[in-house]
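Just so it is clear, the structure is predicted and the values come from calculations on it, not from any experiment. Numbering starts at 1 and runs along the sequence shown.
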Amino acid sequence: MADAAAQNAAAKARIISHLNKDHQRSLSYYLQHYNSLSSFEARSPVLTDITFDYMTFRTSWGNISSIPLSPPMKAWSEARTRTVEMDRVSRKALGISHISLTEYKLPNSLFQRTIFALCILTVVIFATKQWIVKGTFVYDRILPYWPGGPEWFLWISNVIALPTLILHLGEAFLLDRTRLRKYGVERGSSLWFKWVISCFIEGFGCFVRIDETVKRKELEAEKQKH
């Protein structure tokens with residue numbers, strides 16, 4: 001009897017340790033799907049207990065949530081199959097791919113680097129154009145070479161500033177909704193900020209690099225199956 005209790009306790013401890021160490025992202029998806037928590041509320045959860053009937057979690061905010069296991073498990077050997085299925089169901093319901101984006105990629109082609117540099121220059125111009133006045137080096141020495149001269153340059157800057165801001169904010173919003181969320185990038189994480197800020201600056205190049213990364217990972221996953 002004592003040996004059986006010790007074995008059960010050891011099996012339970014291994015399951016809890018494994019899920020917390022290697023599958024915390026899945027635990028968050030469980031809470032988002034089964035308990036309708038937001039991704040913010042379900043961020044970085046810890047599995048504190050598991051029985052044949054339910055799983056208990058503590059969120060990063062200190063809240064306690066439980067998910068019933070229906071039907072209840074009959075043995076600890078069912079835990080892997082059950083949690084894998086919960087992950088599959090949760091990802092499908094949340095629209096999250098089995099491919100995870102885990103790193104930020106800098107612009108990786110001459111075209112993307114050129115666009116990135118031009119966008120950075122544009123941001124600098126928008127941020128400093130109030131100081132581009134007669135008597136400054138930029139106004140007197142550089143802008144006379146602009147078609148139409150300094151006045152035309154400043155007029156164009158004023159006209160396109162707001163539309164450009166709206167366009168780039170929209171691209172960053174779409175990146176979050178259609179790529180980062182889908183590939184498991186936690187909103188508010190350092191990786192999320194890298195991609196969103198980069199997209200706000202350069203736009204479309206971020207979509208291209210994420211799609212390239214996902215395609216590469218899908219091919220690697222296919223090779224591992226054979």
Side-chain angles (χ1 to χ4, degrees), residues 1-104 176-195 210-211 213-226:
M1 185 71 70
D3 288 343
Q7 290 175 356
N8 282 333
K12 177 177 179 176
R14 283 196 300 271
I15 293 167
I16 292 175
S17 176
H18 172 67
L19 290 174
N20 282 327
K21 181 181 178 181
D22 298 327
H23 299 283
Q24 190 179 67
R25 185 172 295 179
S26 294
L27 302 184
S28 176
Y29 297 155
Y30 297 167
L31 290 172
Q32 291 177 56
H33 172 56
Y34 292 101
N35 285 12
S36 300
L37 298 187
S38 68
S39 59
F40 191 68
E41 292 171 320
R43 186 174 182 177
S44 303
V46 175
L47 178 64
T48 58
D49 191 22
I50 183 171
T51 70
F52 291 169
D53 300 295
Y54 61 84
M55 303 171 77
T56 302
F57 306 83
R58 183 180 68 252
T59 70
S60 59
W61 303 100
N63 298 320
I64 304 299
S65 292
S66 293
I67 297 176
L69 298 177
S70 180
M73 295 189 296
K74 298 179 180 179
W76 292 120
S77 58
E78 296 180 24
R80 184 180 184 281
T81 301
R82 186 66 63 90
T83 54
V84 167
E85 178 62 10
M86 289 175 66
D87 179 75
R88 186 193 67 79
V89 171
S90 297
R91 285 177 183 270
K92 183 177 181 180
L94 297 169
I96 296 174
S97 171
H98 67 283
I99 299 292
S100 296
L101 184 65
T102 57
E103 58 186 334
Y104 170 72
D176 174 58
R177 301 288 290 187
T178 66
R179 298 297 193 280
L180 301 184
R181 167 73 172 168
K182 180 177 180 180
Y183 298 119
V185 179
E186 192 173 70
R187 189 171 293 161
S189 66
S190 60
L191 180 61
W192 183 86
F193 275 111
K194 289 176 183 177
W195 279 111
I210 289 177
D211 289 346
T213 299
V214 170
K215 184 65 175 178
R216 174 178 56 80
K217 290 192 172 187
E218 287 176 340
L219 291 174
E220 290 173 352
E222 283 297 320
K223 288 180 181 179
Q224 291 177 358
K225 292 180 180 179
H226 301 292

Test side-chain hydrogen bond (donor to acceptor under 3.5 Å, both in side chains) applied to Ser28 and Gln32, step by step: CA-CA 6 Å; Ser28 176; Gln32 291 177 56; 3.0 Å; yes
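- Side-chain N or O atoms of Ser60 include one that pairs as donor or acceptor with a backbone N or O of Arg43 at under 3.5 Å.
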Stepwise side-chain hydrogen bond (donor to acceptor under 3.5 Å, both in side chains) test for Arg25 and Ser100: CA-CA 10 Å; Arg25 185 172 295 179; Ser100 296; 3.0 Å; yes
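- Between Gln24 and Pro45 there is a side-chain heavy-atom pair separated by less than 4.5 Å.
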Verdict with reasoning, Leu27 to Val46, per side chain to side chain contact (heavy atoms under 4.5 Å, CB included): CA-CA 8 Å; Leu27 302 184; Val46 175; over 6 Å; no
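- Side-chain contact between His33 and Val89 is present, with at least one heavy-atom pair separated by less than 4.5 Å.
- Of all heavy-atom pairs spanning Leu101 and Val185, the tightest one is O-CG2, 3.6 Å.
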Glu218 vs Ile99, side chain to side chain contact (heavy atoms under 4.5 Å, CB included): CA-CA, chis, key distance, verdict: CA-CA 7 Å; Glu218 287 176 340; Ile99 299 292; 3.9 Å; yes
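- Between Asp211 and Lys215 no salt bridge is recorded (no basic side-chain N to carboxylate O distance below 4.0 Å).
- Between Glu85 and Arg82 there is no salt bridge, since no side-chain N of the basic residue sits under 4.0 Å from a carboxylate O of the acidic one.
- Once rounded to the nearest 0.5 Å, the distance linking OH of Tyr30 with CD1 of Ile67 reads 8.5 Å.
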Verdict with supporting geometry, Phe40 and Trp61, ring-ring contact (aromatic ring centres under 6.0 Å, His included): CA-CA 10 Å; Phe40 191 68; Trp61 303 100; 5.1 Å; yes
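- Salt-bridge annotation for Arg187 and Asp176: present, with a side-chain N of the basic residue lying under 4.0 Å from a carboxylate O of the acidic one.
- With salt bridges taken as basic N to acidic carboxylate O contacts below 4.0 Å, one links Glu220 and Arg216.
- Taking both residues in full, the closest heavy atoms of Ser39 and Arg181 are given as CB-NH1, 3.7 Å, listed atom of the first, atom of the second, then distance.
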Full working for side-chain hydrogen bond (donor to acceptor under 3.5 Å, both in side chains) between Thr56 and Asp49: CA-CA 5 Å; Thr56 302; Asp49 191 22; 4.8 Å; no
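- To the nearest 0.5 Å, atom OG1 of residue Thr81 and atom CE of residue Met86 are 13.0 Å apart.
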Step-by-step side chain to side chain contact (heavy atoms under 4.5 Å, CB included) determination, Ser26 to Thr83: CA-CA 9 Å; Ser26 294; Thr83 54; over 6 Å; no
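- Heavy-atom minimum distance, Thr48 versus Phe57: OG1-N, 4.1 Å.
- Taken to the nearest 0.5 Å, the OG atom of Ser17 stands 10.5 Å off from the CG atom of Leu47.
- The number of heavy atoms from other shown groups lying within 6.0 Å of NZ (Lys217) is above 12.
- To the nearest 0.5 Å, the span separating OH on Tyr29 from CD1 on Ile96 amounts to 4.0 Å.
- The shortest heavy-atom contact between Leu191 and Thr102 is CD2-C, 3.7 Å.
- If you look at Trp195 and Tyr183, their ring centroids are not closer than 6.0 Å.
- The distance from the OG atom of Ser44 to the CG atom of Asn20 is 11.0 Å, given to the nearest 0.5 Å.
- The CD1 atom of Ile15 sits 11.5 Å away from the NE2 atom of His23 when rounded to the nearest 0.5 Å.
- Closest approach of Ser66 and Asn35 over heavy atoms only: O-ND2, 3.1 Å.
- Lys12 has its side chain within reach of Trp76: a pair of non-hydrogen atoms, C-beta onward, lies under 4.5 Å apart.
- In Arg80, the CZ atom is not crowded: 12 or fewer heavy atoms of neighbouring residues, nucleotides or ligands sit closer than 6.0 Å.
- The two residues Glu186 and Trp192 have their closest heavy-atom pair at O-CB, 3.3 Å.
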